[in-house]
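Taking it in order: structure first as structure tokens, then the write-up.
A, B, ... follow the sequence lines: proteins, then strands. Residue 1 opens every chain.
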Amino acid sequence: MKIGYPCVNEAMDCSAANTFRLASYSEERLVAAVTANLACLRRLLEWNVAQGLLFFRMGSGIVPFGSHEINTFPWQQHFGAEFRALGDYIRAHNLRVSFHPDQFVVLNSPSPAIVQRSIEELVYQGSMLDLMELDGTAKLQIHVGGLYGERELAISRFVGVHATLPAAVRARVVVENDDRLFPLRDCLDLHARTGVPVLFDNFHHECLSHGEPMHEALRLAAATWHPIADGVPMLDYSSQAPAERKGKHTTSMVEELFRGFVAELHGLDFDMMLEIKDKEASALRAVAILRELGLAAPAPGGPVPPLALPPGPGTPPKARAKKVVKS
DNA sequence: CTTGGTCAAGTAAGT
DNA sequence: ACTTACTTGACCAAG
């Protein structure tokens, strides 16, 4: 089992999401941003390896406006060597990586233009994995899309569009159960009709399901992944933020809940993404717990004391102080 | 240097 | 009709 976290490392002094405004687009800005993003991504992966975090969701903004018509720069060629080097590193350390295109990717939209832009975004993100020369186990994780008041029609539109995806994209797309519209059952239906693997999200399942017990849900989702072509099933883990709106992710992993969830696995293997606000901090705690349980590979040099203390006054300042969020 | 409005893109539920 | 929530910050013009 590999443990990961999404996109951002809060302990690190660089960002892999440098961008700029569309209105200030220029090739100079683009090259500068991509150069910085790839360099940071490399450092970030090295940090992860040192910490035993072997799963990572890369951010969608590595190439700003990567699927926008304004961006005609041949970044694939210009940065080909850098992408390839990242891929070499990922394979050399047996890392698992993925992308999660954001909410604007809606394959089942009734609007052909939105579907087209969604496909272009998937092509952009998939092409980064292609440039890294990663196999089909590096995934693009999306949701089913909109409901539009007619569930069966909405699902059928997804099936239709899925069949038209470029093969390179289709080999990577996986669909995640969401917390408001399309629960596990609909995703399993989609799998039956398209072969798309189902990426199970335990917290979404707690918010929206047909009552499948957690272990049964895990078993059903895991069975949709081909062991070779798709790799170890991926899983999103989170839990409810106490005293917050239903569906809000917790700010920090609640150990008792996490241990309870792990007990539901009953030996099923997953690569687990912790969708928790404090990012790598909770992921590191998860690694420690799973090592204790013998479910994650031990540290290469044997057990080590935790390197990362909770963020506090002693934390080295980032390049720019964090803004205080007002209530 | 700090602040606050706003940022490419979609959908649905809430006021 | 407008705001907010997604998984989430960061750009950038103005003070």
Any idea which heavy atoms bring Ser118(A) and Val105(A) closest together, and the distance? OG-CA, 3.5 Å
Non-hydrogen atoms of Val254(A) and Ser239(A) that approach each other most closely: CG2-OG, 4.4 Å
Heteroatom pairs (N/O) under 3.5 angstrom, protein to nucleotides 3-5 of chain C:
from: dA5(C); atom 1: O3'; to: Arg245(A); atom 2: NH2; distance (Å): 2.7

dT11(B) P sits how many Å from Asn108(A) CG, rounded? 8 Å
Based on Watson-Crick and G-U pairs with both distances under 3.5 Å, what dot-bracket line describes DNA chain B 5' to 3', crossing pairs as [ ] and inter-strand pairs as |? |||||||..||||||
Check the hydrophobic clustering (I, L, V, M, F, W, Y; side-chain heavy atoms under 4.5 Å; chains of links allowed) and say if Leu184(A) and Met273(A) are grouped together. no
Roughly, in whole Å, what's the span from NE2 in His100(A) to P in dG10(B)? 17 Å
Can you list the steps and then say if His143(A) with His100(A) is a ring pair (Phe, Tyr, Trp, His ring centres under 6.0 Å)? CA-CA 9 Å; His143(A) 294 284; His100(A) 190 341; 5.3 Å; yes
Write down the atom of Val63(A), the atom of Val34(A), and the distance for their closest heavy-atom approach. CA-CG2, 3.9 Å
Is it the case that the ring center of Phe65(A) lies less than 6.0 angstrom away from the ring center of Phe20(A)? yes
Could you list all the salt bridge (Lys or Arg N to Asp or Glu O under 4.0 Å) pairs where at least one residue sits in residues 250-265 of chain A, not counting sequence neighbours? Glu255(A)-Arg259(A), Arg259(A)-Glu292(A)
Does Ile114(A) sit in a hydrophobic cluster with other residues, and if so which ones, taking ILVMFWY side chains as linked at heavy-atom separations under 4.5 Å, directly or through other members? Val106(A), Tyr148(A)
For nucleotides 7-9 of chain B, give me every protein contact, N/O to N/O, under 3.5 Å, one pair per line with atom names.
from: dA8(B); atom 1: OP1; to: Leu22(A); atom 2: N; distance (Å): 2.5

Considering every strand and a 4.0 Å limit on heavy-atom distances, what is the contact class for Ser109(A): base, sugar-phosphate, or nothing? sugar-phosphate
Could you check, using the six-membered ring where one of them is a Trp, whether Phe261(A) and Tyr237(A) have ring centers closer than 6.0 angstrom? yes
Closest to the His204(A) side chain: dT7(C), dG9(C), dA12(B)? dT7(C)
Which part of the nucleic acid, if any, lies within contact of Leu181(A), taking any heavy atom under 4.0 Å across all strands shown: a base, the sugar-phosphate backbone alone, or nothing? sugar-phosphate
Of all residues at least two apart in sequence or in a different chain, which pass the disulfide (SG to SG under 2.5 Å) check with Cys40(A)? Cys14(A)
